[in-house]
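Heads up: the structure comes next, in structure tokens.
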Amino acid sequence: VLKYDSLKFVDNFFQEQSLPLHSYATTEGEKGKYLYLLYEGVCQVYKDIFYTESGSKELSTRPDSGETAKRGDRVLVCLIQPGVFIGEEILFSGNRHYEYTVKASSANVKLMAIKKENFKKFLPFQAISDIQTLYLSKKQHHEKMLERKLKVSTTLSFQKKPTIKQ
């Protein structure tokens, strides 16, 4: 949980943005320019799954370099509510691209946006540290959720379809 002291000057650097129902805050793979704080509404977090052909079909969240892969399903990882940061992976993962697609699932979602380059420049060290801790925890949670969903999805796709006796 972020401490109030860490956030008291933050509002000077964030810009409010409205996101209509079914609009995207981030799209996986796009170069990230902003970090967002969801402060009103609900959003869905998705992860794209890639199918690679290397002898047999396998599921992977990132295609191996050198292998051709095509985007398969977009899997719902979780729903997020106010107080959650979006896109912070562009600051802490070393990757300049968004790792998730985040879509408004309620009308009139409101976000506070801060440019990536302004984030570390203007925010207090403690706020940055707190947000990084939240990011690492959230990333671990998303990976577990995605792993469970893929395991269930893969198991279901290999199960024999039921037949109806006449």
Side-chain angles (χ1 to χ4, degrees), residues 1-50 59-62 71-156:
V1 175
L2 290 175
K3 297 166 187 73
Y4 177 75
D5 291 345
S6 297
L7 295 175
K8 63 181 170 182
F9 298 108
V10 169
D11 63 338
N12 295 330
F13 305 108
F14 281 85
Q15 297 175 323
E16 182 179 319
Q17 293 185 358
S18 293
L19 197 61
L21 181 64
H22 303 301
S23 297
Y24 294 93
T26 64
T27 302
E28 183 177 343
E30 278 187 4
K31 187 174 181 181
K33 296 179 183 176
Y34 291 92
L35 164 76
Y36 302 95
L37 174 62
L38 175 61
Y39 79 92
E40 191 174 305
V42 178
C43 291
Q44 298 167 321
V45 177
Y46 291 94
K47 185 73 176 159
D48 290 342
I49 305 303
F50 293 88
L59 293 172
S60 169
T61 55
R62 287 178 209 90
R71 187 182 161 280
D73 302 320
R74 180 167 275 173
V75 177
L76 177 65
V77 178
C78 65
L79 295 176
I80 56 174
Q81 296 182 353
V84 175
F85 284 93
I86 300 168
E88 70 275 25
E89 64 269 17
I90 64 172
L91 300 168
F92 303 119
S93 73
N95 187 351
R96 295 184 311 201
H97 298 85
Y98 293 120
E99 293 177 359
Y100 298 94
T101 297
V102 177
K103 181 179 174 183
S105 60
S106 65
N108 300 316
V109 167
K110 293 196 191 288
L111 305 169
M112 296 303 287
I114 186 170
K115 288 184 178 180
K116 175 184 172 180
E117 59 270 10
N118 291 339
F119 183 80
K120 289 184 179 176
K121 189 175 179 180
F122 295 115
L123 290 175
F125 174 78
Q126 188 59 51
I128 294 167
S129 179
D130 290 347
I131 293 168
Q132 185 174 21
T133 300
L134 287 172
Y135 161 70
L136 294 171
S137 174
K138 186 168 82 170
K139 181 176 174 72
Q140 186 177 33
H141 175 74
H142 284 177
E143 288 172 354
K144 285 180 185 175
M145 293 299 294
L146 187 59
E147 186 178 307
R148 279 189 224 139
K149 288 184 180 227
L150 288 177
K151 196 176 288 185
V152 168
S153 171
T154 304
T155 302
L156 290 175

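Please read these numbers as outputs of a predicted model, since none were measured by experiment.
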Could you check if a side-chain atom of [X] sits within less than 4.5 angstrom of a side-chain atom of [Y], using non-hydrogen atoms only?
X: Gln44; Y: Leu79; value: yes
X: Tyr98; Y: Tyr34; value: yes
X: Lys103; Y: His22; value: yes
X: Phe92; Y: Thr133; value: no
X: Tyr46; Y: Glu28; value: no

Go through the steps to decide whether Tyr36 and Gln17 satisfy the test side chain to side chain contact (heavy atoms under 4.5 Å, CB included), and finish with yes or no.
CA-CA 9 Å; Tyr36 302 95; Gln17 293 185 358; 3.4 Å; yes

Roughly how far, to the nearest 0.5 Å, is the [atom2] atom of [Y] from the [atom1] atom of [X]?
X: Leu111; Y: Phe85; atom1: CG; atom2: CZ; answer: 11.5 Å
X: Tyr39; Y: Met112; atom1: OH; atom2: CE; answer: 5.5 Å
X: Leu91; Y: Ile131; atom1: CG; atom2: CD1; answer: 8.5 Å
X: Asp48; Y: Thr101; atom1: CG; atom2: OG1; answer: 5.0 Å
X: Leu136; Y: Glu88; atom1: CG; atom2: CD; answer: 9.5 Å
X: Lys139; Y: Leu134; atom1: NZ; atom2: CG; answer: 15.0 Å

Among all residues two or more places apart in sequence or in another chain, which pass the side chain to side chain donor-acceptor pair (under 3.5 Å) test with [X]?
X: Asn95; answer: His97
X: Ser93; answer: Glu99
X: His141; answer: none

Taking every non-hydrogen atom, the tightest pair across [X] and [Y]:
X: Lys116; Y: Gly32; result: CD-O, 4.0 Å
X: Ser18; Y: Pro20; result: O-CD, 3.9 Å
X: Ser106; Y: Gly41; result: OG-CA, 3.3 Å
X: Val109; Y: Ala104; result: CG2-CB, 3.6 Å
X: Leu38; Y: Cys43; result: CD1-SG, 4.1 Å
X: Ile90; Y: Lys33; result: CD1-N, 4.1 Å

A quick test of your reading: do over 12 heavy atoms of other residues, nucleotides or ligands sit less than 6.0 Å from CD of Gln81?
no

Please check if atom CG in Asn118 has more than 12 non-hydrogen atoms from other residues, nucleotides or ligands closer than 6.0 Å.
yes

Quick one: do Gln126 and Asp130 satisfy side chain to side chain contact (heavy atoms under 4.5 Å, CB included)? Show the steps, please.
CA-CA 6 Å; Gln126 188 59 51; Asp130 290 347; 2.8 Å; yes

